[in-house]
Amino acid sequence: MIVLKVLVEHAAYALNRPFSYVYNVEKPPCVGARVVVPFNNKDIVGYIENVEIVNKSKEEYEEELGFNLNVAKSVIDSEAILTKELRNLAGEVANYYHAPLISVYQAMLPPSLKPTSSSFNNAKIQYEKYVKCINSNEEGLTSKQIELLRLLNISSEVKKSEIKSLSVLKKLIDNGNVIEIKKEKMRYRFENIKNLKEYPLTTLQEQVKNEFLNSNDLVYLLEGVTGSGKTEVYIKLVKETIDSGKSALILVPEISLTPVMLNRFYTLFEKNVAILHSELTSGEKYDEYRRILRGEAKVVIGTRSAIFAPLDNIGIIIIDEEHVESYKQDNTPCYHAREVAIMRAKHFVGCKVLLGSATPSLESEARAYKGVYHHLKMLKRVNERELPKTEIVSLQNFKNIDYTSSIFSIPLRNAIDECLKRKEQVVLLLNRRGYSTSVLCRDCGHIIKCPDCDIPLVYHSFDKLLKCHNCGHVEPEPHTCPKCGSKYLTKIGFGVEKIEEEVHKLFPNARTLRLDSDVGKLKNNIVTTLNKFANLEADILIGTQMIAKGHDFPNVTLVGLVLADLGLSLPSIRSSEKTFQLITQAIGRAGRGEKAGKAIIQTYMPSHYSIIYGARQDYQGFFANEMKIRKIQQNPPYTFVSTLTISSNSEDLAEEYIIKTMELVSQNSNGTIIAIGPTKPYVYKDTLGFKRQCMFKYKNKGQFDEIVENIIKILSKKPGISIKINIDALD
């Protein structure tokens with residue numbers, strides 16, 4: 001008798017163990033395949049963790065176990081959907097982040113291969129039909145048939161769809177002259193390849209490359225100022241890796257950076273490159289994943305989840321802009337791609353991890369200072385080009401503003417005007433989507449909120465809709481107040497759409513483009529927008545943080561940060577760090593060509609140290625200042641920080657159990673773990689119910705892990721609540 005040990009698809013802590021099923025087929029399935037099993041009176045999908053051959057009857061085995069076994073319905077896959085290396089990695093990730101193992105498997109796989117019931121609705125292999133001549137004997141054929149046969153005889157395989165007369169073709173197939181061949185069709189096409197030349201490395205770049213290659217360390221931090229040519233170093237290191245017979249994995253933080261990186265790597269490696277990111281269709285992800293699994297791609301480029309690409313024999317893992325928070329997943333499993341990269345590198349002999357950034361995260365910089373990471377530095381721009389000159393414009397000073405614009409200061413307007421007169425390009429950044437941040441009733445003061453999340457809905461002018469930036473809820477623009485019926489509604493605050501409108505008003509002849517995640521919702525819009533700007537088809541590029549990182553536009557000589565202190569109002573231990581990084585990265589877009597660059601930083605907080613150090617491009621100054629504050633507050637990197645969130649349909653129940661959780665930690669840690677809370681998160685309710693959260697600061701990870709496992713055992717048995725654990729939380 002065959003007994004399958006199956007992880008069911010529900011990623012709940014209470015179900016984080018294998019369930020046993022009898023499989024009434026002679027040939028046992030393989031470990032790592034998906035299987036359809038009955039669970040709670042419903043057929044669901046599971047993942048086979050183990051296969052046992054039991055020399056007993058079903059009845060005997062059930063009597064020994066003390067309970068009855070259900071019978072597995074069917075096995076979906078003929079072979080494992082994850083490599084052995086990835087299965088081992090999944091166990092490490094689940095243990096480190098205290099996540100249900102099935103949730104890690106689901107995070108690793110494309111939609112069509114996930115161990116979930118929804119995978120049945122996603123794309124499968126797509127085929128194209130070809131025909132080929134195998135017998136040129138013309139005896140008994142009509143003139144039309146002979147004509148087509150001779151045409152096919154001098155050709156190799158021909159697409160069936162290219163043949164006009166299918167009735168003639170059918171006769172040739174029936175007669176044995178021609179055979180039909182099915183070939184898998186690859187749905188992903190990267191159409192924007194440019195013939196970019198390969199640049200020789202500068203002396204400094206060559207030194208960094210050689211230092212990396214000649215060291216046996218595992219993790220390297222490449223700290224390089226904007227414009228220092230980190231990408232060229234990446235390219236040369238990947239080339240060395242491929243030449244040595246190994247593969248390479250490159251992560252970028254934003255989808256907008258994927259085409260930029262792809263252009264560079266396609267030029268060198270062409271068909272050896274595969275891509276994985278969230279904007280691919282289900283079919284494209286499926287095809288790319290299987291290409292990688294078959295060994296047809298030696299270089300994989302992608303965003304966060306690409307860290308799980310099924311590459312074999314990896315020689316290098318590169319994480320570009322390693323400081324960006326998008327490398328951390330918000331949902332269970334709350335993994336960080338940087339930490340998973342380090343875990344994964346240990347699975348392959350000689351594999352190294354390279355973290356690159358102009359503004360490294362404080363954790364990475366601190367590890368580099370301690371010697372945990374090998375510190376590589378490129379602190380000069382290519383060809384000794386100067387960094388942009390910067391000007392901080394205080395919006396508190398009434399001399400800088402007038403009635404012409406409530407958004408653009410006089411210095412920024414003048415700088416844009418001068419730039420346009422010189423036929424140079426401008427980048428304007430505001431890290432806020434939409435047109436207005438909220439819609440308010442002037443009669444009763446009601447702010448229109450998301451019905452699921454209870455946070456203000458943002459007004460978007462391009463489609464005249466109100467949208468929730470947390471859950472994606474959308475509703476039409478209201479004409480009256482939903483609470484009191486008043487028609488006196490007003491829009492408060494501004495986002496990039498308002499910036500775009502203001503630019504059109506102030507500079508009517510300027511050609512503009514906008515780039516944010518709304519624009520990116522349509523396929524290829526990001527690539528098209530970036531290409532248009534690079535080809536000088538627009539004078540001003542307006543956008544969110546998507547435009548601040550990695551882009552190289554030689555004709556951009558002015559960068560304007562419309563409201564640089566926007567992030568400082570957020571309740572985060574990293575708000576100063578994020579603000580400094582965004583300013584530094586944005587300024588770095590200016591002056592990358594032969595012309596000098598300039599940046600104007602508009603702010604209501606001109607004396608804040610993150611603004612001052614950002615304007616100076618002084619990472620070391622900011623690092624020293626911020627580390628002093630982190631030490632006083634006992635924040636990372638001096639401590640670990642993790643959060644635990646409890647959700648329930650009952651707000652009282654969520655409150656009760658978060659308090660009990662904090663009491664448990666306090667009782668078991670003897671004061672070595674600091675518990676902060678309970679708090680109501682900004683998004684305090686969603687489809688899971690009401691949320692309550694607490695934060696833990698600690699230095700002994702082993703002790704905290706032990707306590708958390710105990711908490712999971714206790715809480716997972718409690719009805720009416722769900723828990724989420726975020727290890728190494730960013731906020």
Exercise for the section: Indicate yes or no for a side-chain donor-acceptor contact from K724 to the backbone of D330 under 3.5 Å, with no hydrogens or angles considered. Expected result: yes
Handout entry: Stepwise side-chain hydrogen bond (donor to acceptor under 3.5 Å, both in side chains) test for Y698 and Q634
Key = CA-CA 9 Å; Y698 53 96; Q634 283 298 287; over 6 Å; no
Practice task
Dump the intermediate steps for salt bridge (Lys or Arg N to Asp or Glu O under 4.0 Å) on R692 and E651, then the final yes or no.
Solution key: CA-CA 8 Å; R692 290 296 183 272; E651 196 165 5; 2.6 Å; yes
Completion exercise
Between the CD1 atom in I674 and the OG1 atom in T639, the distance rounded to the nearest 0.5 Å is 7.5 Å
Exercise for the section: Could you verify whether a donor N or O on one side chain and an acceptor N or O on the other, from E663 and Q667, lie under 3.5 Å apart? Expected result: no
Exercise for the section: Mark yes or no for whether S119, through its side chain, and P115, through its backbone, hold a donor-acceptor pair below 3.5 Å. Expected result: no
Handout entry: Flag for S648-S650: side-chain donor and acceptor within less than 3.5 Å
Key = no
Exercise for the section: Return the orientation label for the H10 and F39 ring planes: parallel under 30°, perpendicular over 60°, tilted otherwise. Expected result: tilted
Handout entry: Within 45° cone and under 6.0 Å: R290 NZ/CZ vs Y286 ring
Key = yes
Problem - Under 3.5 Å side-chain donor-acceptor pair for H336 and D728 - result: no
Handout entry: CA sep, side-chain torsions, deciding dist, call: I492, V439, side chain to side chain contact (heavy atoms under 4.5 Å, CB included)
Key = CA-CA 6 Å; I492 300 171; V439 177; over 6 Å; no
Exercise for the section: Just do the side chain to side chain contact (heavy atoms under 4.5 Å, CB included) check on M695 and V641 with the steps written out, would you? Expected result: CA-CA 7 Å; M695 176 188 284; V641 167; 3.7 Å; yes
Exercise for the section: State whether a side-chain donor-acceptor pair under 3.5 Å links S361 with S364. Expected result: yes
Practice task
Would you indicate whether the side-chain heavy atoms of L86 and N88 approach each other to under 4.5 Å?
Solution key: no
Handout entry: SB check E363 R574 (cutoff 4.0 Å)
Key = yes
Completion exercise
Which of V665, I725, V708 passes side-chain contact (heavy atoms from CB on, under 4.5 Å) with L644? Answer is I725
Problem - Side chain K114, main chain L109, donor-acceptor under 3.5 Å - result: yes
Handout entry: Residues R433 and S517: side-chain donor-acceptor under 3.5 angstrom
Key = yes
Practice task
Before accepting this row, confirm whether a basic side-chain N of the pair R338/E321 lies closer than 4.0 Å to the acidic partner's carboxylate O.
Solution key: no
Exercise for the section: Would you indicate whether the side-chain heavy atoms of T83 and L293 approach each other to under 4.5 Å? Expected result: yes
Problem - Within 45° cone and under 6.0 Å: K691 NZ/CZ vs Y684 ring - result: no
Practice task
May I ask you to check whether D705 and H98 show a side-chain donor-acceptor distance below 3.5 Å?
Solution key: yes
Handout entry: Spacing of CG belonging to L489 relative to CD1 belonging to I448, to within rounding of 0.5 Å
Key = 5.5 Å
Problem - Considering all heavy atoms, the nearest L568-S576 contact - result: CD2-CA, 3.8 Å
Practice task
Give a yes or no on whether the backbone of M662 and the side-chain of S666 come within a donor-acceptor separation of less than 3.5 Å.
Solution key: no
Problem - Neighbour count above 12 (heavy atom, 6.0 Å) for N55 CG - result: no
Problem - Ring-ring centroid check F704 F696, cutoff 6.0 Å - result: yes
Problem - E477 with K464: basic N within carboxylate O range, under 4.0 Å - result: no
Problem - Flag for D516-T544: side-chain donor and acceptor within less than 3.5 Å - result: no
Handout entry: Expected output: side-chain D686 to main-chain L688 donor-acceptor under 3.5 Å
Key = yes
Practice task
Keeping the roles fixed (side chain from D454, backbone from K685), state whether a donor-acceptor pair exists under 3.5 Å.
Solution key: no
Handout entry: Donor-acceptor pair between K5 and S20 side chains, under 3.5 angstrom
Key = yes
Handout entry: Neighbour count above 12 (heavy atom, 6.0 Å) for E706 CD
Key = no
Problem - Test item: C468 and I455 side chains (from C-beta on) under 4.5 Å apart, heavy atoms - result: yes
Exercise for the section: Any chance you could measure I102, atom CD1, to Y47, atom OH, to the nearest 0.5 Å? Expected result: 8.0 Å
Problem - Test: E577 and R630 ion pair at under 4.0 Å - result: yes
Exercise for the section: Would you please say whether a donor-acceptor pair under 3.5 Å links the side chains of Q633 and N635? Expected result: yes
Completion exercise
dist L457:CG -> I447:CD1 (nearest 0.5 Å) comes out at 11.0 Å
Practice task
Please round to the nearest 0.5 Å and tell me the distance separating atom CG of L15 and atom OG of S716.
Solution key: 9.0 Å
Handout entry: Straight-line distance of K697 NZ to I573 CD1, nearest 0.5 Å
Key = 6.5 Å
Practice task
Mark yes when over 12 heavy atoms from residues, nucleotides or ligands other than K701 sit less than 6.0 Å from its NZ; otherwise mark no.
Solution key: yes
Handout entry: Derivation of the side-chain hydrogen bond (donor to acceptor under 3.5 Å, both in side chains) call for D518 and H460
Key = CA-CA 9 Å; D518 291 321; H460 290 246; 3.1 Å; yes
Practice task
Kindly determine whether T437 and Y459 satisfy side chain to side chain contact (heavy atoms under 4.5 Å, CB included), including the steps that lead there.
Solution key: CA-CA 6 Å; T437 52; Y459 175 68; over 6 Å; no
Practice task
Ignoring hydrogens and angles, tell me if any N or O in the side chain of K73 forms a donor-acceptor pair with the backbone of I44 under 3.5 Å.
Solution key: no
Problem - Neighbour count above 12 (heavy atom, 6.0 Å) for K328 NZ - result: yes
Exercise for the section: Decide, yes or no, whether a salt bridge links D731 with K578 under the criterion of side-chain N to carboxylate O below 4.0 Å. Expected result: yes
Exercise for the section: Please check if the side chain of N431 supplies one atom and the backbone of Q545 the other of a donor-acceptor pair under 3.5 Å. Expected result: yes
Practice task
Check whether the side chains of S669 and Q703 place a donor and an acceptor atom closer than 3.5 Å, and report yes or no.
Solution key: no
Practice task
Using only heavy-atom distances, determine whether the side chains of Q693 and T645 contain a donor-acceptor pair under 3.5 Å.
Solution key: yes
Handout entry: Validation row: S326, T303 side chains within 4.5 angstrom (heavy atoms)
Key = no
Exercise for the section: Determine the minimum heavy-atom distance between A306 and L249, stating which atoms define it. Expected result: O-CD1, 3.4 Å
Exercise for the section: Would you mind checking if R344 and E92 are paired as a salt bridge, meaning a charged N to carboxylate O distance below 4.0 Å? Expected result: no
Exercise for the section: Report yes or no: does E52 contribute a side-chain atom to a donor-acceptor pair with the main-chain N or O of L4 at less than 3.5 Å? Expected result: no
Handout entry: Shortest non-hydrogen contact from G46 toward V6
Key = CA-CG1, 3.6 Å
Exercise for the section: Establish, for the pair R17 and F19, whether the NZ or CZ atom is under 6.0 angstrom from the six-membered ring centre and no further than 45 degrees off its axis. Expected result: yes
Handout entry: Validation row, ring centre Y97 to ring centre Y335 under 6.0 Å
Key = no
Handout entry: K285 charged N/C atom sitting above Y289 aromatic ring, 6.0 Å / 45°
Key = no
Problem - S117 and E9 side chains, donor-acceptor separation under 3.5 Å - result: yes
Problem - Within-4.5 Å side-chain heavy-atom neighbours: K58 and M1 - result: yes
